Trainee: 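One structure, as structure tokens, below. Some questions next.
Please read all numbers here as calculations on a predicted model, not as lab measurements.
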Amino acid sequence: MADRLLFSKTGRAKYISHLDLMRTFQRAFTRAGIEIKHTQGFHKHPFVSIALPLSLGYSSQCEILEFGLVGGATAEEVPARLTAAMPEGIIIHQCYPAERKLKELAYVNYIINFEYSEGRPQASEPAMRELLSRESLVMQKKSNKSKKGYTEVDLIPLIKGFNLECQSDTLTLDAVLCAQNPGLNPELIRAAFCQAYPEYAPDFVTFHRREVLDIDGKPFR
């Protein structure tokens, strides 16, 4: 059975790409003196895998990395020792044995902030509510498997719930989205809103992954 890390990636660390983050973890394990499993074969390399890789620029407080602890530290010692070897913005919160399969990770909770430098339009909140309450909301997304280079996806069945909060310069969408098979990238919600209501397009949007959930809506670990 594999081991897992629960870690957060915030601040400037959110601009570390997925591949660079994998390399960062591999180097950090070595610097921390923590022995982990390696793949078999002629060209062996450390076995590390990140569930549901984030898009560049997204922050998160609930990332999961799967690996195999061999020695050099106990599970209780790993978080502090590994965090000390990581760049600023990456904090390891927990190391534990994996007891559930990653395919059981069903939903992701995102906090999406739509920011307006000159004040939030009052009609932006009812506009967003109308958009996400439609019976269908079809958008195009890139696909390497399609001859057209894109596929169409209906966002509504992939949104399991949402709440809206408003401030003078920000519209905050707290949404629970399907995580995989298929999953919904929250960027499509931003694109759909700007397409449907270009007059309320924000000046800047931030994405933060707050929690990963199982089929029952409970935290996945």
Side-chain angles (χ1 to χ4, degrees), residues 1-26 28-29 32 34 36 47-69 75-114 155 158-165 170 172-190 205-221:
M1 184 67 71
D3 297 290
R4 286 180 184 155
L5 296 177
L6 175 67
F7 70 96
S8 57
K9 189 176 79 159
T10 59
R12 291 185 297 176
K14 69 182 183 180
Y15 297 109
I16 300 176
S17 70
H18 173 61
L19 291 179
D20 285 338
L21 184 61
M22 296 280 283
R23 299 186 188 102
T24 298
F25 267 102
Q26 292 171 1
F29 277 117
I34 300 172
I36 65 173
F47 168 73
V48 292
S49 176
I50 297 176
L52 305 180
L54 282 173
S55 299
L56 191 67
Y58 286 36
S59 62
S60 174
Q61 62 192 59
C62 58
E63 294 305 279
I64 295 175
L65 178 138
E66 197 161 82
F67 73 113
L69 181 61
E76 292 75 18
E77 296 171 332
V78 166
R81 288 177 56 175
L82 196 57
T83 297
M86 299 296 287
E88 178 185 352
I90 299 178
I91 299 175
I92 316 303
H93 300 286
Q94 187 180 1
C95 176
Y96 58 96
E99 297 180 354
R100 309 172 66 180
K101 296 180 179 179
L102 289 175
K103 67 180 181 180
E104 295 181 43
L105 198 167
Y107 304 115
V108 183
N109 177 205
Y110 277 101
I111 304 299
I112 310 170
N113 286 314
F114 296 76
L155 277 57
L158 303 180
I159 301 173
K160 294 306 177 181
F162 71 90
N163 288 305
L164 292 172
E165 292 185 6
T170 306
T172 298
L173 172 63
D174 181 347
V176 176
L177 312 178
C178 285
Q180 52 186 343
N181 302 319
L184 175 57
N185 188 326
E187 163 62 23
L188 284 177
I189 296 179
R190 182 211 63 78
V205 181
T206 63
F207 301 90
H208 179 73
R209 184 183 285 176
R210 183 165 64 178
E211 189 60 279
V212 287
L213 309 165
D214 63 17
I215 192 67
D216 296 318
K218 298 179 180 179
F220 179 90
R221 294 291 182 266

Trainee: Would you please name every residue forming a ring-ring contact (aromatic ring centres under 6.0 Å, His included) with Phe114, sequence neighbours left out?
Mentor: Phe193

Trainee: Could you check whether Glu104 pairs with Lys101 (Lys NZ or Arg NE/NH1/NH2 to Asp/Glu carboxylate O, under 4.0 Å)?
Mentor: no

Trainee: Do you know the tightest heavy-atom contact between Ala28 and Met86?
Mentor: CB-SD, 3.2 Å

Trainee: Just verifying a value: how many Å separate Ile34 CD1 and Leu69 CG, rounded to the nearest 0.5 Å?
Mentor: 7.5 Å

Trainee: Check the angle between the aromatic planes of Tyr110 and Tyr58 and answer parallel, tilted or perpendicular using the 30° and 60° thresholds.
Mentor: perpendicular

Trainee: Applying side chain to side chain donor-acceptor pair (under 3.5 Å), can you list everything that pairs with Glu63, at least two apart in sequence or on another chain?
Mentor: Ser60, Arg209

Trainee: Is any side-chain heavy atom of Thr206 less than 4.5 Å from a side-chain heavy atom of Ser59?
Mentor: no

Trainee: Find the distance between CZ (Phe47) and CD (Glu66) and round it off to the nearest 0.5 Å.
Mentor: 5.0 Å

Trainee: Has Asp214 got a side-chain atom pairing as donor or acceptor with Gly217's backbone, closer than 3.5 angstrom?
Mentor: yes

Trainee: Can you check whether His208's main-chain N or O pairs, donor with acceptor, with Lys14's side chain at less than 3.5 Å?
Mentor: no

Trainee: Considering only heavy atoms from C-beta outward, does the side chain of Ile90 approach that of Phe7 to under 4.5 Å?
Mentor: yes

Trainee: Report the distance from atom CD1 of Ile92 to atom CG of Leu65, rounding to the nearest 0.5 Å.
Mentor: 7.5 Å

Trainee: My understanding is that only residues two or more places apart in sequence, or in another chain, count here; which of them pass ring-ring contact (aromatic ring centres under 6.0 Å, His included) with Phe29?
Mentor: Phe67

Trainee: Distance check, rounded to the nearest 0.5 Å: Ile111 atom CD1 versus Asn163 atom CG?
Mentor: 9.0 Å

Trainee: Measuring from atom CG of Leu213 to atom CG of Leu105, what distance do you get when rounded to the nearest 0.5 angstrom?
Mentor: 8.0 Å

Trainee: Could you check if a side-chain atom of Asp3 sits within less than 4.5 angstrom of a side-chain atom of Tyr96, using non-hydrogen atoms only?
Mentor: no

Trainee: Distance check, rounded to the nearest 0.5 Å: Leu102 atom CG versus Ile50 atom CD1?
Mentor: 12.0 Å

Trainee: Assess, by modelled atom type and distance only, whether the side chains of Asn113 and Thr172 contain a donor and an acceptor separated by less than 3.5 Å.
Mentor: yes

